[in-house]
Amino acid sequence: MTSAELRRRFLDFFIQRKHQAVPSSSLVPGNDPTLLFTNAGMVQFKDVFLGQDDRPYRRATTAQRCVRAGGKHNDLENVGYTARHHTFFEMLGNFSFGDYFKREAIRYAWEFLTVDLGLPPEKLWVTVYESDGEAADIWLKEIGVDPKRFTRIGDKPGGRPYESDNFWTMGDTGPCGPCTEIFYDHGPEVAGGPPGSPEEDGDRYIEIWNLVFMQYDRDREGVMTPLPKPSVDTGMGLERLAAVIQGVHSNYEIDLFRHLMQAVADLAGLEALDNPSLRVIADHIRSCSFLIADGVLPANEGRGYVLRRIIRRAARHGHRLGLRDPFFHRLVAPLVDEMGEAYPELAAAQNRIEQVLAQEEERFAETLEKGLRLLEDAVVDLDGGTLSGELIFRLYDTYGFPVDLTADIAREQSFSLDMAGFEKAMAAQRAQSRDASRFDVDYSKTAKIDAKTEFSGYERVEDQGRVVALLREGEPVERLAAGEAGGVVLDNSPFYAESGGQVGDSGALRAAGVVFEVDDTRKLGAAHLHVGRLCNGELRVGDQLEARVDAARRQAIILNHSATHLMHEALRRILGDHVEQKGSLVTPERLRFDFAHFAPVSAEELREVERLVNAQIRENRDASAEVMALDEARKTGAKALFGEKYGDRVRVLRIGFSTELCGGTHVRRVGDIGVFKIVSESGVAAGIRRIEAITGEVALRHLDALDARLDQIATLLKTGREGVDDKLRQLIERQRTLEKSLDEARRSLASQAGADLAGQARNIDGISVLAARLDGMDTKELRETLDRLKDQLGHAAIVLAAVGEGDKITLVAGVTQGETARIRAGDLVNSVAGQVGGKGGGRPDMAQAGGNDPSQLDQALASVPAWVESQLKPVTS
């Protein structure tokens with residue numbers, strides 16, 4: 001049975017048992033800062049389990065794509081060297097949201113494995129949480145599992161209560177419960193003992209299915225309260241199950257991986273498939289391709305950093321296989337052949353994935369060059385001949401410069417590496433990654449705010465609302481006194497809560513003698529939290545308030561938000577359908593829009609975007625919003641915006657030529673925007689561009705300021721506004737001519753200086769030795785003069801120095817090729833640098849150094865002939 005057939009068989013099994021087949025969610029969790037990537041099948045149902053989201057079904061089944069390559073769950077370093085570690089894997093799962101519980105979940109699992117798939121019961125081993133007698137009875141008395149192949153797993157020795165491999169928690173607080181796990185026995189020929197035994201770390205017994213029973217809600221004190229609707233969350237790795245069904249021990253021996261590894265082997269001209277690098281590359285093409293398909297692009301931080309690291313790791317393993325040219329992108333097509341039918345989004349994004357991977361592979365070669373330049377500059381200012389751990393880490397982390405290559409260069413140039421400092425920097429980065437992957441939201445605190453705010457702000461900016469909750473310093477309270485800062489939750493409010501890039505509203509909440517100034521509005525579950533300060537009076541839960549939004553500020557936000565949608569569509573029409581929103585910020589002052597694109601947007605393209613948007617504004621058509629089912633909305637072609645999290649019913653916004661899903665506030669007619677003006681375009685990460693733009697009154701003031709500036713420039717140039725461009729061209733051409741003449745004059749002077757210096761060289765044992773000071777020259781000119789002198793003198797050892805701004809000394813040294821066996825340029829330059837407060841290094845024939853004590857420079861240069869002579873003396877015993 002192939003992996004694809006097994007995936008289909010699992011889903012069909014549960015569909016036949018009235019489960020809703022739910023498509024795999026993105027690898028980028030929507031609106032969830034607690035996770036770097038989707039790493040389990042339950043992630044897309046997290047809010048359902050927390051009671052913050054309702055679905056039209058109570059049973060679901062999925063084949064969820066998952067990545068574990070960053071944050072808390074990171075298997076990257078183990079991939080390729082173990083039988084079952086992956087950066088990308090598929091999690092098969094079935095879920096019950098307050099419907100069936102332990103009995104049905106256990107029966108379904110056993111039936112699928114032993115009846116549908118025909119696995120021998122004697123090859124399976126079952127574990128339960130030690131105190132979960134209910135699950136134990138179901139397994140032993142109803143299913144009839146052999147007690148000899150059954151283990152109760154308790155809390156870890158020395159750990160906290162419920163800290164067990166068989167007790168699942170969503171975080172330190174919140175939904176949790178016992179779980180039961182099913183293991184497959186690969187046979188006595190494989191080392192390892194059953195779960196719960198001292199030998200359990202071996203590979204004989206492999207977990208294939210975990211059934212989690214969400215039964216309790218744990219508060220901060222550790223008190224367990226039974227959930228009103230117990231639920232089920234199960235997960236089974238497709239790759240592990242395929243290995244069992246296909247009779248192999250390693251996941252990398254299943255059909256899917258064999259085909260991918262064969263594709264890599266064909267590129268590298270290899271016959272055997274037992275090379276660990278083949279496994280690494282086969283794994284990494286899956287994670288990289290699916291991450292890119294889900295909108296992640298290589299970058300130097302966050303998810304993009306993880307993607308870049310995986311790509312570069314694959315490229316390095318390709319290099320180990322002898323693949324010198326970009327190859328990784330050529331594996332996308334074989335991957336689509338294997339998985340494109342199950343995941344159509346992968347096939348749809350094939351061209352884009354290939355383009356991103358090819359560009360990143362090419363950039364990796366470029367980063368090596370950049371790293372070499374940075375390293376060369378750093379060597380000049382080495383302290384004690386040791387490259388700092390911080391710089392080694394920066395080379396590795398920022399530039400992708402391999403540490404082992406840094407070590408090779410260090411050996412060649414005789415400097416050492418602060419590896420302890422490097423490891424310290426790496427540890428700090430790992431700690432930061434762990435902190436960024438927090439799944440410990442304090443649900444016990446927010447659970448007390450069991451309220452929902454009806455939002456009336458689409459129709460009005462003033463309304464009445466009753467106080468249903470108050471917060472002070474994040475804690476629920478019954479009253480707020482004058483002068484206290486806090487948060488107010490109303491049962492009805494016109495205040496828009498920050499979401500989807502649109503900032504929250506500000507304004508005031510009022511009653512007789514009471515004024516609460518609202519600085520911001522945020523979402524708190526289904527509630528809108530009005531954040532601010534009580535200026536007058538006293539506020540209590542149950543009070544009735546008049547809620548009034550700052551209408552002028554709201555209107556300015558509305559103009560920018562509506563323009564964002566128009567600009568998004570204009571970018572897609574001008575740059576291509578690959579343009580996808582990657583983030584946005586909509587404030588009263590401006591809009592900021594990040595999007596996927598692989599090159600800077602040209603000035604002409606930006607003008608065309610402006611033209612299209614302003615044309616839509618002038619047409620002044622009505623804007624409309626309609627709430628409909630998510631499936632229906634997708635059929636209309638409505639595009640989803642990055643960062644939004646959608647339920648089963650969504651709001652479809654039609655504004656001008658744009659149709660998108662959006663819960664924000666917008667203009668009633670497109671012409672209300674007035675005017676649209678782009679003020680900047682820049683790159684924020686590899687493959688990510690950012691546009692900032694303005695609308696309405698802010699745009700008009702900006703255009704007025706540009707007019708005034710043009711008048712000022714015309715006055716300075718002593719011409720009219722219409723003649724500014726011609727006058728500037730004349731000045732620029734004149735400047736170029738002068739700079740060219742200056743360069744020629746400096747080169748002539750440098751050449752003359754070199755010719756004059758050659759006559760000052762001193763002959764020592766057939767070598768022309770020269771040390772000279774050429775203040776005013778920059779590093780490039782010093783090197784050019786050094787090269788000319790080496791050519792003129794034939795056999796030479798030369799040191800040239802120049803003092804620049806801030807008394808900074810630049811030293812360059814050169815030794816002709818025939819003399820490097822006896823004299824090394826690095827040693828020569830350091831003989832001078834050490835006397836002027838510096839140190840340097842470089843190649844045997846050319847080296848560079850710095851210094852900061854010009855008062856000793858002349859004496860240091862005068863010492864060069866004697867130093868060279870000492871190097872040429874024969875060593876005597």
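Note that the structure is predicted; figures quoted are calculated from it, not measured.
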Are there over 12 heavy-atom neighbours, none belonging to [X], within less than 6.0 Å of that residue's [atom1]?
X	atom1	result
R736	CZ	no
E619	CD	yes
R522	CZ	no
R330	CZ	no

Looking at [X] and [Y], what are the two nearest heavy atoms and their distance?
X	Y	answer
I617	G674	CG2-O, 3.6 Å
A693	F676	CB-CE1, 3.5 Å
G656	L566	CA-CD2, 4.1 Å
V461	A551	CG2-CB, 4.3 Å
A570	V609	CB-CG1, 4.0 Å
R352	A293	NH2-O, 3.8 Å

Would you tell me whether [X] and [Y] have side-chain atoms, one donor and one acceptor, within less than 3.5 Å of each other?
X	Y	result
T587	E589	yes
Q44	T38	no
E354	Q350	yes
N560	T695	yes
S584	Q581	yes
R68	H86	no
D283	T87	yes
E605	S602	yes

Whether [X] side chain and [Y] backbone form a donor-acceptor pair below 3.5 Å:
X	Y	result
E498	K523	no
E90	C66	no
R554	G457	yes
N620	G671	yes
S562	V667	yes
Q64	S25	yes

Electrostatic pair [X]:[Y] at N-O distance under 4.0 angstrom:
X	Y	answer
R607	E610	no
E345	R65	yes
R308	E360	yes
D672	R669	no
E569	R573	yes
R611	E608	yes
E660	R654	no

[atom2] on [Y] to [atom1] on [X], rounded to 0.5 Å:
X	Y	atom1	atom2	answer
L331	S289	CG	OG	8.5 Å
R621	F657	CZ	CZ	8.5 Å
R721	T715	CZ	OG1	10.0 Å
H565	I673	NE2	CD1	10.0 Å
L559	Q555	CG	CD	5.0 Å
I655	C662	CD1	SG	9.5 Å

Of I557, T665, V549, the residue whose pairing with Y496 passes side-chain contact (heavy atoms from CB on, under 4.5 Å):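 With Y496 as partner, I557, T665, V549 yield a single side-chain contact (heavy atoms from CB on, under 4.5 Å), made by T665.
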Evaluate side-chain contact (heavy atoms from CB on, under 4.5 Å) for L591 paired with H561, printing each intermediate quantity in order. CA-CA 7 Å; L591 66 92; H561 198 169; over 6 Å; no
Would L612 and I574 satisfy side-chain contact (heavy atoms from CB on, under 4.5 Å), going step by step from the backbone distance to the final call? CA-CA 9 Å; L612 278 180; I574 293 165; 3.6 Å; yes
Can you label the angle between the F455 ring and the H528 ring as parallel, tilted or perpendicular, going by 30° and 60°?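 Plane angle between 30° and 60°, so tilted.
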Between L27 and V296, is the side-chain contact (heavy atoms from CB on, under 4.5 Å) condition met? List the steps. CA-CA 9 Å; L27 287 170; V296 181; over 6 Å; no
Taking side chain as C-beta onward, heavy atoms only, is C288 less than 4.5 Å from L307? yes
Side chain to side chain, L260 and R286, heavy atoms closer than 4.5 Å: yes
Take D704 and R701 through the salt bridge (Lys or Arg N to Asp or Glu O under 4.0 Å) test and state the conclusion after the steps. CA-CA 5 Å; D704 285 344; R701 290 199 302 267; over 6 Å; no
So R668 and D622, salt bridge (Lys or Arg N to Asp or Glu O under 4.0 Å) or not? Walk me through it. CA-CA 6 Å; R668 297 187 183 277; D622 287 338; over 6 Å; no
Less than 6.0 angstrom separating the ring centers of H568 and F595, yes or no? no
Assess the pair H317 and H284: is the distance between their ring centroids shorter than 6.0 Å? no
Within 45° of the axis and under 6.0 Å from the centre of the six-membered ring of F593, does NZ or CZ of R689 qualify? no
Verdict with supporting geometry, R590 and R592, side-chain contact (heavy atoms from CB on, under 4.5 Å): CA-CA 7 Å; R590 64 180 53 206; R592 188 181 75 203; 5.9 Å; no
Not counting sequence neighbours, which residues clear side chain to side chain contact (heavy atoms under 4.5 Å, CB included) with L731? List them please.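 L717.
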